[in-house]
2 protein chains.
Amino acid sequence: MIYRVKGWHNHGMTTSAKPGPRERLLLAAQELTYTQGVGVGVDALLKAAGVARRSLYEHFGGKDGLIAEMLRRSTAEDEERYRATMAAAGDDPRVRLLAVVDRLGRIASDPDFPGCRYLAADLALSDRDHPAHEVTRAYRRTLHVLFADEFVALGHARPEFAADQLLILVDGLLAAGATRPGSEPAAASRELAEHIIDSGLGA
Amino acid sequence: MIYRVKGWHNHGMTTSAKPGPRERLLLAAQELTYTQGVGVGVDALLKAAGVARRSLYEHFGGKDGLIAEMLRRSTAEDEERYRATMAAAGDDPRVRLLAVVDRLGRIASDPDFPGCRYLAADLALSDRDHPAHEVTRAYRRTLHVLFADEFVALGHARPEFAADQLLILVDGLLAAGATRPGSEPAAASRELAEHIIDSGLGA
DNA sequence: ATTGAAGTAGACCAGTTGGTCTATCTCTCC
DNA sequence: GGAGAGATAGACCAACTGGTCTACTTCAAT
């Protein structure tokens with residue numbers, strides 16, 4: 001998508017002002033890296049954002065900086081989505097966790113689902129010092145805490161262990177969605193999630 | 001690793017003849033793509049293989065051909081490793097399947113584990129027509145059958161479903177190993193595998 | 001010994017990579 | 001109505017991309 005001066009659509013909000021170059025770059029990066037991976041070229045990003053070359057280096061110092069910042073924003077949004085999903089599911093931690101798995105199952109079932117962007121970034125960036133890795137690591141730590149808190153609230157016997165299992169399940173679910181279209185991983189994952197939850201509950 | 005004319009080490013075998021360019025290219029590609037991803041440059045591959053540029057295009061028609069062929073060989077070797085692991089584990093399908101999960105858990109626990117090469121290739125190659133995708137798809141189908149056969153032998157109520165679950169678990173396990181070093185995903189995965197196996201057994 | 005296939009070495013190609021730099025334009029604030 | 005910040009457009013860069021091509025060597029089979 002090419003962002004244009006006129007007719008800017010900002011997520012259904014009433015404002016119609018076109019966001020600045022920094023914002024447009026982040027949005028373009030979020031979109032392009034999702035479908036084409038972090039390997040997208042700088043030129044493609046600039047063209048999609050409708051931004052001068054110089055702006056990229058002013059705001060982010062380089063491509064790596066843009067990628068890292070875009071991932072930071074993306075993880076924050078995703079974390080919020082997790083929280084919103086759980087909040088909408090009510091107070092029962094069991095229901096809240098299953099709602100998360102169900103939502104991911106729906107995402108992974110989209111035949112055009114390109115895979116988890118964070119895992120893709122980690123696997124694509126073989127340079128272990130790339131700033132993106134720190135962002136994804138922090139995100140996974142956040143998710144782990146998010147899950148573990150629910151398990152604690154549930155009275156689960158091994159909340160950390162169960163959170164580990166749930167993270168493994170989530171990555172596997174998203175991987176299956178990306179690599180085995182038509183395998184319908186949602187049902188298989190939900191049942192595993194139920195086991196993870198119930199396996200640590202007394203009586 | 002740079003392959004040299006003299007002192008060729010072929011997996012501990014007694015022969016000391018240096019393999020041809022085709023073989024050296026496949027070995028170099030297997031090694032370099034594992035650590036650096038399928039994005040490695042042609043020059044790096046040629047240099048590592050100690051092979052003339054022309055040989056690549058003679059034998060594989062191009063980089064994509066080499067990647068695809070290298071994946072084909074790699075999947076064949078991995079399939080054989082699965083079979084060998086199961087064979088060494090004896091006759092009980094339960095033990096055989098858990099042996100597979102345990103072995104993958106050991107691989108994923110290596111702090112230098114770079115992640116599943118097939119998932120990495122699928123996520124990195126956004127071109128859906130890239131020949132590599134067909135190879136990885138075939139491999140996953142093979143693994144699914146491999147697992148499902150064991151579940152059938154076990155008398156599992158839903159062998160296909162359980163095989164789906166096991167594939168999800170495997171991908172999640174390998175993803176965790178690559179992205180959450182120190183999280184020790186082997187134990188978490190083994191317990192999930194036990195559940196997958198036992199959940200479909202009568203009595 | 002000769003021939004021909006296979007391999008090597010490396011020049012060369014157009015296109016692209018991420019990045020720097022200059023010149024111009026546009027806007028806001030004073 | 002400046003002045004200055006911020007943005008744009010685009011030239012330019014060296015390095016590298018995958019790929020083609022020519023010239024030379026190596027070696028086995030005739």
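Below, chains carry the letters A, B, ... as their sequence lines are ordered, and counting in each starts from 1.
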Next item on the list: State whether A/Asp43 and A/Arg53 are salt-bridged, where the test is any N-O pair (Lys NZ or Arg NE/NH1/NH2 against Asp/Glu carboxylate O) under 4.0 Å.
Entry: yes

Margin query: On a heavy-atom basis, which atom in A/Ala178 and which in B/Leu123 lie closest, and how many Å separate them?
Written below: CB-CD2, 4.3 Å

Next item on the list: May I ask you to evaluate whether B/His59 reaches the phosphate of C/dG7, defined as a side-chain N or O under 4.0 Å from OP1 or OP2?
Entry: yes

Next item on the list: Could you check how far CD of B/Glu23 sits from C1' of C/dA6, rounded to whole Å?
Entry: 17 Å

Next item on the list: Mind calculating the distance between CZ (B/Arg22) and C1' (C/dG7) to the nearest angstrom?
Entry: 15 Å

Item checked: Integer-rounded Å distance: C/dG18 P and A/Asp127 CG -> 15 Å

Checklist line | NZ/NE/NH1/NH2 to OD/OE distance under 4.0 Å, A/Glu69 and A/Arg73 | finding: no

Note to self: Treating primed atoms plus P, OP1 and OP2 as sugar-phosphate and everything else as base, which nucleotides of nucleotides 8-21 of chain D get B, S or - for protein heavy atoms under 4.0 Å?
What the structure shows: BBBB-----SBBB-

Donor-acceptor pairs under 3.5 angstrom involving side-chain atoms of residues 135-145 of chain B: please list them, not counting sequence neighbours.
| from | atom 1 | to | atom 2 | distance (Å) |
| --- | --- | --- | --- | --- |
| B/Thr136 | OG1 | B/Asp122 | OD1 | 2.9 |
| B/Thr136 | OG1 | B/Asp122 | OD2 | 3.0 |
| B/Thr136 | OG1 | B/His133 | O | 2.9 |
| B/Arg140 | NH1 | B/Asp122 | OD2 | 2.9 |
| B/Arg140 | NH2 | B/Asp122 | OD2 | 2.9 |
| B/Thr142 | OG1 | B/Ala138 | O | 3.0 |
| B/His144 | NE2 | B/Glu160 | O | 3.4 |
| B/His144 | NE2 | B/Asp164 | OD1 | 2.9 |

Next item on the list: Measure from CG on B/Leu25 to C1' on C/dT8 and round the result to the nearest Å.
Entry: 13 Å

Margin query: Any non-hydrogen side-chain atom of B/Ile197 less than 4.5 Å from a side-chain atom of B/His156?
Written below: no

Note to self: Minimum heavy-atom separation for B/Leu173 and B/Gly105, please, with both atom names.
What the structure shows: CD2-N, 3.8 Å

Next item on the list: Please state how far atom CZ in A/Phe60 lies from atom C1' in C/dG18, giving the value in whole angstrom units.
Entry: 16 Å

